[in-house]
Amino acid sequence: MPSSVVAAMNYDRESATLTIIFVSGMVYAYKNVPEKIYQAMKIADSKGTYLNRHVKGNFDFEKLR
């Protein structure tokens, strides 16, 4: 999953929370994200582009770090 923006990501099915760890070290938890969004992001050619187009601005989030 090499990405110049996203270092790692995790999806919790129970809470429908997508956690993104950025290369910068910042961590955000996006709430009520459908699993299909996570699955599509996993296989996207550009994780950062997918995140900007389909996640940011579409789901509530919390900055964890």
Side-chain angles (χ1 to χ4, degrees):
M1 184 199 108
S3 172
S4 60
V5 177
V6 177
M9 60 184 172
N10 182 51
Y11 185 75
D12 183 283
R13 286 182 181 97
E14 194 170 302
S15 65
T17 300
L18 174 62
T19 303
I20 304 291
I21 303 168
F22 290 90
V23 172
S24 67
M26 292 188 300
V27 180
Y28 286 80
Y30 293 89
K31 310 291 184 179
N32 301 310
V33 176
E35 186 173 0
K36 67 181 182 179
I37 297 288
Y38 167 66
Q39 295 297 339
M41 187 169 169
K42 279 185 10 179
I43 62 171
D45 289 333
S46 171
K47 309 296 187 257
T49 298
Y50 190 90
L51 180 72
N52 287 331
R53 288 186 181 160
H54 302 284
V55 179
K56 287 184 175 180
N58 294 315
F59 301 98
D60 291 334
F61 66 91
E62 176 183 358
K63 184 177 181 181
L64 303 179
R65 175 170 43 135

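Positions are given from 1 along the sequence.
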**OP:** List the atom of A40, the atom of Y50, and the distance in Å for their closest heavy-atom pair.
**Re:** CB-OH, 3.2 Å

Original post:
How about S15 and D12: does a side-chain donor come under 3.5 Å of a side-chain acceptor?
Top reply: yes

Original post:
When you look at CZ of F61, are more than 12 heavy atoms from neighbouring residues, nucleotides or ligands closer to it than 6.0 Å?
Top reply: no

Original post:
Which atom pair, heavy atoms only, marks the closest approach of N58 to R53?
Top reply: ND2-O, 3.7 Å

Original post:
Atom OG1 of T17 and atom CG of N32: how far apart are they, to the nearest 0.5 Å?
Top reply: 7.0 Å

**OP:** Kindly compute the distance separating CD (E35) from CD1 (I37), expressed to the nearest 0.5 Å.
**Re:** 11.0 Å

Identify each donor-acceptor pair in which a side-chain atom of residues 20-31 lies under 3.5 Å from a protein atom, sequence neighbours left out, and give them as a table.
from : atom 1 : to  : atom 2 : distance (Å)
S24  : OG     : M26 : N      : 3.4

**OP:** Find the distance between NZ (K47) and CG (N52) and round it off to the nearest 0.5 Å.
**Re:** 14.0 Å

Subject >> Test item: F59 and L18 side chains (from C-beta on) under 4.5 Å apart, heavy atoms >> reply: no

Original post:
So do M9 and L51 actually touch side chain to side chain, heavy atoms under 4.5 Å?
Top reply: no

